[in-house]
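Structure first, then comments.
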Amino acid sequence: MKKSLVYILLMFFLTIQGLTLEAQRFPKPEFENGHTQPAVQQAEPRSNTWEWVDIFVLFASLTVVSWLVIKKRSRRGVLYMSVFSILYFGFFREGCICSVGSVQNVTLALFNPGYVIPVSAILFFILPLIFTLFFGRTFCAGVCPLGAIQDLVAIRPMEIKPWLQKTLGILPFVYLGLAVLYSATASDFVICRYDPFIGIYRLDGTFLMFVIGGLLLLMGVFIARPYCRFLCPYGVLLNWVSRFSKNHLTITPSSCIECRLCEHSCPYGAIEKPVSENYKLDRKLMVRRFLSLAVIIPVLITVGAWTGYQISDELAMVNPKVSMANQLSEAEDNPERELTLNVESFRSSGKPAAEIYEEAKDLLGDFSTGSTLLGAFIGLIIGLTLASLAKFKYRQDFEPNKGNCLSCARCIDFCPVEKDGIFEKNNLT
Amino acid sequence: MAKSSKNTKVDRRSFLNKGVRLSMLVGLGGLGGTLLSNSTSVEMTWQLDASKCVQCGQCATSCVVSPSAVKCMHVFDMCGYCDLCGGYFRPGAKNLTTAAENQLCPTAAIERKYIEKPYFEYHIESELCIGCGKCVKGCGSFGNGSMQLQVNHELCVNCNECSIARACPVDAFSRVPVTDPYLFNGIMKTD
């Protein structure tokens, strides 16, 4: 019944329309009652102008927060800017594009000339780094929407033991390394995929996104800014740049009186205590430490590189092409097994499997180089972390650690010293 | 003596800092310049090539927006206005009526409208469509292929990396300029 109907219809159309139109099974009819055909629903993409507004707002808020931290020394101001950032970059612009994710766009553009990088991604990557070079990590303080939301929930921060903080501090390097590896091979943007707060900003997202986001915020009540300190890959770059910043937040506006009021004020454990010159380590011990580090660091790099090389195939499975090639060859080897959705879909496209095998082979080669380098890099970072634990540095005052300090300006309110040392003068007279 | 050595130490440190800062600035400038020379002022957005699409159904499940920003769009220029529509009716449907048991669409998002004998027009209700591509498959295998899956740019949040693009088994997703944001398959009159 159905088949015959098809043929009747087919014959009908063919006789009426002839074969003048393109080879369609059922050519479009001419309507006798003058019916006009509706237009295809094509919604216009979101306007391009917002991109430029975003860049302007980023520049403006970086300027304002830097001024608030360095000149005005106002925690309250930074707090208001955090709220603004959550509202604008977060809820209004729905968290994309952000500086943290732009690392991947930049990497992809550097390794794949075919990828056309948007101007906004470049500027979101570069601008915060330049500001950090001059004013410290003011971007983290009140511009980054991911940081801002965590800053607001840091109600009961606990102090974390320095050894634990240092150990967890290795994680961002691993994350950065993986993100660079995966974006350089055009596999995936892992930072975006596991962005913890974008689901909250969009009020929509996968279950996993909400679980990660919720857990981090819950954790953030007690361990302040867990994502920024122990995961954020962009923070690694900001940390490096911030160490050489021209200006940086200071706890005291003039000179430190070592009153220790600010000692526990930093929720991020970024205040360095004074180290007395009397506290000197045994020279012999220092030499021994130096020598053992000189042995340990190359060993760590080698072990890292070897591990990276060993697990490169597993890391490559994240790449959709490698994974697809793997599924296809598995299906070829086990013809009796039921086809997976991906294999079935790929076969129905009629593409030759040899093509994707070739691509996957090249990718596996890239991955084995990439993950060897990644392993070596992580080995080096672990070694340098060890070295930094063994380092001895004389310090007179309470100072923020320029690398780790997020310039949130909380400590400023704890300092009793006023500008031009008024407090000291009053006490003296 | 001790004092002067301390001074030179401070100077050396600030000199090094300055040097590193300057080289970082130059490096960032160079990087920015290189990238800008390869960038575009035209924003890019995601779209799927309807000619590559095999309707595996993962557009419906992989999008970060729920329901998916991928919708079925109907290219009326290609439609045969069939009574027995492969996109509308489930294979083996008993009667060609709008009764629920005859429909292929799981959310009844296709509206069947009588035009004149024997033609019917099919409208996709975008709010109901989940982008599963069942009708697209039906229309493509039986009819003209006028029903096609496309990213609806009103709903798409234009993620930095499209999560459907990663799941797509036939590599149909790519970044396209916003000035030309649809990739329909086949004929379409522009006027």
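The sequence lines fix the lettering, A, B, ..., with proteins before strands; numbering per chain opens at 1.
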Do you know which of [options] has the most heavy-atom pairs under 4.5 Å to chain A?
options: B/Cys159, B/Gly29, B/Gly145; answer: B/Cys159
options: B/Gln58, B/Gln150, B/Met44, B/Lys71; answer: B/Gln58
options: B/Thr34, B/Val54, B/Val64, B/Asn144; answer: B/Asn144
options: B/Thr179, B/Val65, B/Val178, B/Val157; answer: B/Val157

>> Would A/Val40 and B/Phe184 count as a side chain to side chain contact (heavy atoms under 4.5 Å, CB included) here? Give the steps.
In response: CA-CA 11 Å; A/Val40 183; B/Phe184 287 108; 3.8 Å; yes

> Should the pair A/Lys351-B/Asp171 be classified as a salt bridge under the 4.0 Å nitrogen-to-oxygen rule?
Replying inline: no

Would you indicate whether [X], at its atom [atom1], is surrounded by more than 12 heavy atoms from other residues, nucleotides or ligands within a distance under 6.0 Å?
X: A/Phe59; atom1: CZ; value: no
X: B/Lys134; atom1: NZ; value: no
X: A/Phe207; atom1: CZ; value: no
X: A/Tyr194; atom1: OH; value: no

>> Please check this pair: side chain of B/Asn17 against backbone of A/Lys246, looking for a donor-acceptor N/O pair closer than 3.5 Å.
In response: no

> Would a distance-only check, ignoring hydrogens and angles, find a side-chain to backbone donor-acceptor pair under 3.5 Å from B/Tyr182 to A/Ala43?
Replying inline: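 Yes, B/Tyr182 side chain to A/Ala43 backbone: donor-acceptor pair under 3.5 Å.
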
For chain B, the option from [options] that forms the most heavy-atom pairs under 4.5 Å:
options: A/Ser102, A/Cys96, A/Gly350; value: A/Cys96
options: A/Val343, A/Ile97, A/Val241; value: A/Val241
options: A/Asn33, A/Val106, A/Leu108, A/Ile130; value: A/Asn33

>> Centroid separation under 6.0 Å, is that true for the rings of A/Phe26 and B/Tyr81?
In response: no

>> Between B/Ala172 and chain A, with a heavy-atom cut-off of 4.5 Å, which part of the residue counts as in contact: side chain, backbone, both or neither?
In response: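 Contact with chain A is absent: no heavy atom of B/Ala172 under 4.5 Å.
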
Can you see which heavy atom on [X] is nearest to which on [Y], and at what distance?
X: A/Pro29; Y: B/Gly80; value: CD-O, 3.7 Å
X: A/Val119; Y: B/Ser39; value: CG2-OG, 3.6 Å
X: B/Cys56; Y: A/Leu341; value: O-CD1, 3.6 Å

Evaluate the side-chain proximity of [Y] to [X]: yes if any heavy-atom separation is below 4.5 Å, no if none is.
X: A/Pro38; Y: B/Glu121; answer: yes
X: B/Leu31; Y: A/Phe125; answer: yes
X: A/Asp204; Y: B/Ser66; answer: yes
X: B/Leu25; Y: A/Phe134; answer: yes
X: B/Glu116; Y: A/Glu32; answer: yes
X: A/Val116; Y: B/Arg175; answer: no
X: B/Arg166; Y: A/Asp188; answer: yes

Could you look at [X] and say if it's the side chain, the backbone, both or neither that has a heavy atom under 4.5 Å from chain B?
X: A/Ser323; answer: neither
X: A/Val190; answer: neither
X: A/Ser120; answer: neither
X: A/Ala121; answer: neither

When you check the side-chain N and O atoms of [X] and [Y], is any donor under 3.5 Å from an acceptor?
X: B/Asn160; Y: A/Gln104; result: no
X: A/Asn105; Y: B/Glu161; result: no
X: B/His153; Y: A/Gln42; result: no

Roughly how far, to the nearest 0.5 Å, is [atom2] of [Y] from [atom1] of [X]?
X: B/Met24; Y: A/Thr132; atom1: CE; atom2: OG1; value: 10.5 Å
X: A/Phe244; Y: B/Ser23; atom1: CZ; atom2: OG; value: 8.5 Å
X: B/Cys79; Y: A/Lys28; atom1: SG; atom2: NZ; value: 9.5 Å
X: B/Leu28; Y: A/Leu133; atom1: CG; atom2: CG; value: 7.0 Å
X: B/Phe76; Y: A/Thr36; atom1: CZ; atom2: OG1; value: 11.0 Å

> Quick one: which of A/Ile122, A/Ile126, A/Ile117 gives a side chain to side chain contact (heavy atoms under 4.5 Å, CB included) with B/Leu36?
Replying inline: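 Exactly one pass, corresponding to A/Ile122.
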
>> Could you go through B/Leu35 and A/Leu110, starting from their C-alpha distance and side-chain angles, then the distance that decides it, and tell me whether this counts as side chain to side chain contact (heavy atoms under 4.5 Å, CB included)?
In response: CA-CA 8 Å; B/Leu35 290 171; A/Leu110 288 177; 4.0 Å; yes

